[in-house]
Amino acid sequence: MNEVKQILVDIHTHHPRPDVLSPTMAGIHPWDAECGYALPDFSLCDIIGETGLDYAREVDKTTQERLFRAHLEAAERLQKPVVLHTVRAFEPTIKILTAYNIKGIVFHGFTGSDQQAREALLRGYHLSFGDRSLRSPKTRQAIASTPLDRLFCETDDNASLDIAEIYAEVAKIKSVALAELVKEIYENYKRLFRL
Ligand SMILES: [Zn+2]
């Protein structure tokens, strides 16, 4: 049998594994927007993030937006993709994004509705799904309608979660063979980084 090596991609994890492909990231989380941290050297990472807006947190919105824009400016200048953290701020996030020419945009831990997914997909963005996405009935519907060439899977900060579990569940929702999902996501990864 002709065995093709199946490479799993975890597009956003706080716990990288040697057997799973994960991009390196640098950024200041919107939760830390008021901490006054200096921006990291973005030239050293694969992806800029996580960055974005979180309106569920008690963090000044103007400060969050200023920091978010600083990340987007760097992403535009360095031609690097961005991983977004967006909570209760979908529309303002989209509005800010349209002002920048970013190489690739990934909404991480997407928990939005099918309608929001469609809006993001129309703009050429990618959606990444993790365990919280799978627990949300409205997002399960969004997963079903997200084309295979625009989605990623992730474990985020959950150290006890195996990325293979997310792949298996997403494959089930999309009614595709696991091997096909693995292949498509790897292609998405290569396209995101123009490999
Ligand atoms: Zn995270």
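For ligands, and for the atoms within them, numbers begin at 1 and follow the listed sequence.
Counting only protein atoms, the N, O or S atoms lying less than 2.8 Å from the Zn ion (ligand 1) are His12 NE2, His14 NE2, Glu50 OE2, Asp156 OD1, ordered by chain and residue number.
Side-chain atoms of Glu34 and Thr63 form no donor-acceptor pair, as typed in the model, at a separation below 3.5 Å.
Under a cut-off of 6.0 angstrom, the local environment of CD in Gln79 is crowded, with over 12 non-hydrogen atoms contributed by other residues, nucleotides or ligands.
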### Task
Let me see the working for Leu127 and Val106 under side-chain contact (heavy atoms from CB on, under 4.5 Å), right down to the final yes or no.
CA-CA 6 Å; Leu127 305 179; Val106 182; over 6 Å; no
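Scanning for salt bridge (charged side-chain N to carboxylate O under 4.0 Å, His left out) contacts around Asp157 gives Arg132, with sequence neighbours left out. Not counting sequence neighbours, the partners of Asn101 by the side-chain contact (heavy atoms from CB on, under 4.5 Å) test are Glu76. With sequence neighbours excluded, the residues forming a side chain to side chain donor-acceptor pair (under 3.5 Å) with Thr24 are Asp46, listed by chain and number.
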